[in-house]
Engineer: 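Pasting a structure below so you can have a look.
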Amino acid sequence: MRLPATSGSVVVRVSTRVDGDFHLDRVDPAVLAARQQAFVPGTWSMLDEVHGTGVVVVDGPGGGNRERGDIALVRVADAIVGTWVGDCAPIILVGHDGGFAAVHAGWRGVAAGVIDHAVASLGGSIRQAWLGPSIRACCYEFGASDASAVAAAVRIDQAAITATTTWGAPSLDLPAALRTALRPHGVDMAEHGACTGCDIDFFSHRMGPDSERHVVASWWERVPT
């Protein structure tokens, strides 16, 4: 997939189970490096994701690799960022200056304001947002107190981001919360559409429970001048 950007595009590729486990902490580094090269050749950066709002600047291929944070800010071409997830939302935000942010957004990150922090890292203005595979309301059983924290963070009534699972339990509509968080920034969110909880192509921590993680690889491909 290509997301239009200034002077080129942000290229996005989503792994599935057949591509293997991309868990930064559990996969042997040599195995992970080989798996990265088989999926997208080049020099990768993968953050030590902690469900927060920290920004890591990827200033070149391999920049910021294994640094702690949940927002990878990229303003250089050909730096491959891998956002590794197993239900949380991988989001790509494209700025107006050609840069982009690769965001790991679990519910805790959303409640902490990770979307606002990511937009701020891009100068406070974005031209496009894209959501990769993530768990959806059909599978995301969720407590009322935690849902209240998410709703307060995105400034919406709790009922607007809650639903019911396929087995009748209260659930969180994470994409709805993300769409709401992005609304003040003037962009709609394009979506991959897959639910990691019920689509067997993807790993799911909640529904598996899987310890493995799939990855969203993204990089800015500049148009030659």
Side-chain angles (χ1 to χ4, degrees), residues 10 12-15 20-37 39-40 42-76 78-95 99-124 126 129-135 146 149-150 153-154 174 177-178 181-182 196 202-206 209-220:
V10 176
V12 181
R13 188 174 179 197
V14 181
S15 78
D21 181 12
F22 285 82
H23 198 302
L24 188 67
D25 299 327
R26 297 184 179 181
V27 178
D28 179 88
V31 173
L32 180 60
R35 199 163 283 161
Q36 290 170 339
Q37 295 310 300
F39 187 57
V40 177
T43 305
W44 284 52
S45 299
M46 291 176 63
L47 303 187
D48 178 13
E49 299 165 356
V50 292
H51 301 278
T53 62
V55 179
V56 175
V57 177
V58 179
D59 54 5
N65 188 43
R66 293 183 177 268
E67 290 187 20
R68 176 169 289 192
D70 290 271
I71 303 165
L73 177 63
V74 185
R75 297 189 185 278
V76 295
D78 303 322
I80 303 165
V81 174
T83 307
W84 49 289
V85 287
D87 278 329
C88 292
I91 302 176
I92 306 298
L93 303 179
V94 182
F100 73 96
V103 185
H104 167 255
W107 77 264
R108 289 180 177 84
V110 176
V114 70
I115 295 299
D116 288 341
H117 281 80
V119 173
S121 76
L122 288 164
I126 55 175
W130 177 85
L131 170 66
S134 62
I135 198 164
D146 290 336
V150 175
V154 300
L174 183 57
L178 293 166
L182 285 163
T196 52
F202 301 102
F203 298 115
S204 174
H205 172 70
R206 288 265 179 163
D210 296 321
S211 61
E212 299 89 347
R213 299 292 183 265
H214 47 274
V215 73
V216 173
S218 53
W219 63 99
W220 179 25

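Keep in mind that this is a model prediction, so the values were computed, not measured.
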Engineer: To the nearest 0.5 Å, what is the distance between CZ on Arg213 and CG on Asp21?
Structural biologist: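 One finds 8.0 Å between CZ of Arg213 and CG of Asp21.
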Engineer: Any donor and acceptor pair, going by atom type alone, linking the side chain of Asp87 with main-chain N or O of His205 inside 3.5 Å?
Structural biologist: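 Checking the backbone N and O of His205 against the side chain of Asp87, a donor-acceptor pair under 3.5 Å is found.
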Engineer: Of all the heavy-atom pairs spanning Ile92 and Ser218, show the shortest one and how long it is.
Structural biologist: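 For Ile92 versus Ser218, the nearest heavy atoms are CD1-OG, 3.6 Å.
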Engineer: Taking all atoms of both residues into account, what is the closest heavy-atom pair of Pro90 and Thr83, and its distance?
Structural biologist: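 That closest heavy-atom pairing would be CB-CG2, 4.1 Å.
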Engineer: Yes or no on side-chain contact (heavy atoms from CB on, under 4.5 Å) for Val12 and Phe100, after CA distance, side-chain angles and deciding distance?
Structural biologist: CA-CA 11 Å; Val12 181; Phe100 73 96; over 6 Å; no
Engineer: Show your working on side-chain contact (heavy atoms from CB on, under 4.5 Å) between Asn65 and Met46 and close with a plain yes or no.
Structural biologist: CA-CA 5 Å; Asn65 188 43; Met46 291 176 63; 4.1 Å; yes
Engineer: Over 60° means perpendicular and under 30° means parallel, so tell me whether Phe39 and Trp44 are parallel, tilted or perpendicular.
Structural biologist: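 Judged by the thresholds at 30° and 60°, the geometry between Phe39 and Trp44 is tilted.
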Engineer: Supply the atom-to-atom distance Ser121 OG to Ile71 CD1, rounded to the nearest 0.5 angstrom.
Structural biologist: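 The distance works out to 5.5 Å.
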Engineer: So how far is it from Phe202 CZ to His214 NE2, rounded to the nearest 0.5 Å?
Structural biologist: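 Going from the CZ atom of Phe202 to the NE2 atom of His214 covers 6.0 Å.
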Engineer: Take Arg26 and Glu212 through the side-chain contact (heavy atoms from CB on, under 4.5 Å) test and state the conclusion after the steps.
Structural biologist: CA-CA 8 Å; Arg26 297 184 179 181; Glu212 299 89 347; over 6 Å; no
Engineer: What are the two closest heavy atoms between Val110 and Ala153, and how far apart are they?
Structural biologist: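 Closest pair (atom of Val110, atom of Ala153, distance): O-CB, 3.6 Å.
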Engineer: Looking only at side-chain N and O atoms, does Asp210 offer a donor or acceptor that is under 3.5 Å from a partner on Ser204?
Structural biologist: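 Per modelled atom types, Ser204 and Asp210 side chains form no pair under 3.5 Å.
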Engineer: Can you tell me if Asp70 uses its side chain to pair, donor with acceptor, with the backbone of Val50 under 3.5 Å?
Structural biologist: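 Yes; at least one donor-acceptor contact below 3.5 Å.
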Engineer: Over 60° means perpendicular and under 30° means parallel, so tell me whether Trp84 and His23 are parallel, tilted or perpendicular.
Structural biologist: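 The arrangement is tilted - the two ring planes meet at 30° to 60°.
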Engineer: Rounded to the nearest 0.5 Å, what separation is found between the CG atom of Leu182 and the CD1 atom of Ile91?
Structural biologist: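 So the CG of Leu182 and the CD1 of Ile91 are separated by 6.5 Å.
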Engineer: Using every non-hydrogen atom in the two residues, find where Leu174 and Ala105 come nearest and quote the distance to one decimal.
Structural biologist: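 Closest approach of Leu174 to Ala105: CD2-O, 4.1 Å.
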Engineer: With a 4.5 Å limit on heavy-atom distance, are the side chains of Phe22 and Leu32 in contact?
Structural biologist: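 Side-chain contact under 4.5 Å: yes.
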Engineer: Mind running side-chain contact (heavy atoms from CB on, under 4.5 Å) on Ile80 and Thr43 for me, showing each step along the way?
Structural biologist: CA-CA 6 Å; Ile80 303 165; Thr43 305; over 6 Å; no
Engineer: In Å and rounded to the nearest 0.5 Å, what is the CZ to OG1 distance from Phe203 to Thr196?
Structural biologist: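 Taking CZ in Phe203 and OG1 in Thr196, the distance rounds to 11.5 Å.
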Engineer: Rounded to the nearest 0.5 Å, what's the gap from NE2 on His104 to CD on Glu49? Could you check?
Structural biologist: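 The NE2 atom of His104 sits 4.5 Å away from the CD atom of Glu49.
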Engineer: Any idea which heavy atoms bring Ala72 and Val58 closest together, and the distance?
Structural biologist: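 That closest heavy-atom pairing would be CB-CG2, 4.1 Å.
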Engineer: Grab the two heavy atoms, one from Val76 and one from Ala79, that are nearest each other, plus how far apart they are.
Structural biologist: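 For Val76 and Ala79, the tightest heavy-atom pair comes out as CG2-CB, 3.9 Å.
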